[in-house]
There are 2 protein chains.
Amino acid sequence: MLDLTDDDTLSDIGPDVAEDRRGKPFVASVGKCFQVLKAFRRGQTDLRQRDLGLTEICKLSGLDKSAAQRFSETLVTLGYLEKDPQTRRYRPGIALIDFYYTYMVSHRLAQIAMPILIEASKVYDTTVNLCELAGTDAIYTVRIPQAKASYGTMLAGRRVPAFCTAPGTVILANMPEDEADAVLAASDLRKITEQTVTEIPALKAQMAEARRLGYHVSDRQSQAHNVSTAAPVLRLDGQAVAAVHIPGYAPHWNLESVHEKLVPLAVDTARRISDSLTEAM
Amino acid sequence: MLDLTDDDTLSDIGPDVAEDRRGKPFVASVGKCFQVLKAFRRGQTDLRQRDLGLTEICKLSGLDKSAAQRFSETLVTLGYLEKDPQTRRYRPGIALIDFYYTYMVSHRLAQIAMPILIEASKVYDTTVNLCELAGTDAIYTVRIPQAKASYGTMLAGRRVPAFCTAPGTVILANMPEDEADAVLAASDLRKITEQTVTEIPALKAQMAEARRLGYHVSDRQSQAHNVSTAAPVLRLDGQAVAAVHIPGYAPHWNLESVHEKLVPLAVDTARRISDSLTEAM
DNA sequence: AACTTTGTATCACAATGCGATACTTTGTTC
DNA sequence: GAACAAAGTATCGCATTGTGATACAAAGTT
């Protein structure tokens with residue numbers, strides 16, 4: 001009944017440490033509390049399970065039992081986890097949602113893009129997404145969903161690997177080459193489907209092509225049956241800040257119809273957002 | 001150009017401490033780091049400003065300069081804040097979005113509700129929301145937006161006071177009376193507009209009426225020019241777990257047309273979700 | 001150029017978080 | 001249903017870790 005199966009690839013939640021921030025003050029307890037929260041994301045994608053026991057939190061967070069207990073209880077007190085008094089298991093708390101709002105409310109790009117994306121979604125009654133690059137992942141920040149999509153693909157916050165997805169490709173294609181190279185070098189270049197391209201030269205050729213064309217079509221590179229397209233949102237200086245992504249799900253859309261209809265829609269939508277952006281920034 | 005003005009009431013981010021959790025282990029550093037993150041939410045609604053300097057973080061979080069620095073830098077290292085090297089100001093980091101996904105992906109109610117809400121939004125081309133109660137606030141967890149709405153009202157994670165909004169009223173009306181009373185008692189019963197009802201007896205009468213009718217129409221109680229309606233999503237035992245909320249914005253909708261069209265839509269949508277729920281739970 | 005404001009670095013102290021250990025409860029097996 | 005295993009909770013002395021007053025540096029302002 002509850003089908004959590006997802007057809008596309010998920011990324012884990014990113015590296016635990018950032019760049020060269022050594023020397024900066026760092027409060028270890030804070031890092032550990034986020035390890036606990038991350039455990040729930042890992043736990044969910046792995047086990048399709050909504051809540052975790054203390055022992056599972058230990059394993060998924062890498063903390064010992066005492067620490068896991070302390071931080072879990074702390075997070076319950078703060079409302080970021082909830083604890084079932086019966087089962088004594090923990091689950092994500094509703095207060096977590098606050099941070100989405102905190103991030104998005106100050107996000108000018110999303111603010112500008114939202115109405116344009118909504119309009120676009122109506123043209124062919126399709127899902128339309130806005131993606132941004134975060135490390136080696138593309139994160140969906142705004143999603144205008146359609147009823148037939150699977151639940152996981154309706155949610156903002158989803159991460160997918162940049163190198164093998166249409167939105168990732170167009171963003172990488174329109175950023176400084178050395179930065180793009182760094183992302184590829186840091187990426188875990190695994191074959192997700194049979195079609196996934198994993199060789200750096202082939203990927204760079206794809207990116208060059210995407211840059212030339214102004215869009216990219218991902219033909220079952222990360223999803224077995226689906227074709228999706230993306231076009232870059234560009235700053236005045238030509239650098240990509242995001243991508244408009246439109247998936248074409250299997251029965252209804254194919255390579256041909258995506259090229260004919262969704263590609264122009266994605267390109268046009270991204271261009272409209274880019275134009276509005278440069279005015280405001 | 002960038003209009004961040006919002007027409008409805010926002011709640012602050014909730015109490016800093018929960019119930020009677022004394023005795024439970026608590027890591028103070030973790031609490032303080034969340035004070036810093038909350039500062040950004042406060043800062044944004046107050047100042048309509050996207051980033052905060054260290055001194056502002058001090059004021060908004062209640063921490064001293066050293067602590068503010070330590071926790072801000074820690075959060076930067078973890079990716080939950082970003083720091084502009086030029087201005088040395090901090091802003092929310094994209095990694096914050098991860099927690100929305102973490103919460104939502106395991107949320108069976110949202111999963112069930114999403115397609116039904118999408119369908120409903122197409123009937124009159126309106127925004128349709130799913131709200132849940134958190135403390136004295138109603139939090140929007142799922143929003144199907146329409147292009148004409150203001151940005152703030154498109155975002156999941158928004159909090160509004162329960163007592164003076166339609167979704168809050170229908171949820172309070174369909175929960176154990178003592179719990180509802182407790183929520184009202186804890187609420188900050190301020191007049192938001194001229195029409196806001198703030199007397200407990202009047203509020204309880206409203207709730208009784210909402211319970212009898214199966215819906216509630218909020219006539220400019222929290223928004224000066226708008227009328228909105230909500231209907232409860234009920235568990236098999238009749239307890240509310242959420243509310244379907246449909247706002248009727250001013251020029252297009254009025255009290256009459258809301259009653260005629262949006263009320264039946266909200267009631268029907270909430271009932272369809274309730275029915276799917278009980279099967280699954 | 002003098003001043004104010006804001007951000008960064010330092011460091012000795014002890015409070016605070018740590019985690020090994022022991023205890024209690026749940027639920028699993030025979 | 002007794003015996004056992006596994007998961008969750010409580011305890012507590014130690015020293016690690018975070019603390020915050022102070023001093024310093026770098027931007028902004030007059």
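- Put simply, CZ on B/R89 is 10 Å from P on C/dT6, counting in whole angstrom units.
- When each of B/Q86 and A/S29 is assigned the nucleotide of DNA chain D with its nearest heavy atom, A/S29 is the one assigned upstream, toward the 5' end.
- Comparing C/dT21, C/dT25, C/dA9 by their nearest atom to the side chain of A/S66 picks out C/dT21.
- Between C/dT5 and B/T55, no contact under 4.0 Å exists linking OP1 or OP2 to a side-chain N or O.
- In this structure, A/Y90 and A/V30 both approach DNA chain D, and ranking their closest nucleotides by distance from the 5' end singles out A/Y90.
- Donor-acceptor pairing under 3.5 Å is lacking for the side chains of B/Y140 and B/R158.
- Residues A/L54 and A/Q69 are in side-chain contact: their nearest non-hydrogen atoms beyond the backbone lie under 4.5 Å apart.
- Distances shorter than 4.0 Å separate none of the side-chain N or O atoms of A/R88 from OP1 or OP2 on C/dT25.
- Annotation: B/F34 is not in aromatic contact with B/F99 [ring centroid separation under 6.0 Å not met].
- Taking atom CD on A/E73 and atom P on C/dT16, their separation rounds to 20 Å, with Å as the unit.
- Residues B/Y103 and A/I97 have side chains in contact (heavy-atom distance under 4.5 Å, counting atoms from C-beta outward).
- Here D/dG18 presents its P atom at 13 Å from CG of B/L75, a figure rounded to the nearest Å.
- Here D/dA23 presents its P atom at 17 Å from CD of B/Q69, a figure rounded to the nearest Å.
- Taking only side-chain nitrogens and oxygens, B/K65 never comes nearer than 4.0 Å to OP1 or OP2 of D/dT22.
- D/dG20 atom C1' lies 14 Å from atom CG of B/L54, rounded to whole Å.
- Atom CZ of B/F26 is separated from atom C1' of C/dG17 by 13 Å (rounded to the nearest Å).
- For the 3.5 Å distance criterion, the side chains of B/S150 and B/T153 qualify, holding a donor opposite an acceptor.
- Computed from coordinates, the B/E56 CD to C/dT6 C1' distance equals 10 Å when rounded to whole Å.
- Taking side-chain N and O atoms only, A/R70 has no distance below 4.0 Å to OP1 or OP2 of C/dG17.
- Put simply, NZ on B/K83 is 11 Å from C1' on C/dT6, counting in whole angstrom units.
- Counting only heavy atoms from C-beta on, A/V27 has its side chain closest to D/dG18 among C/dG19, D/dG18, C/dT8.
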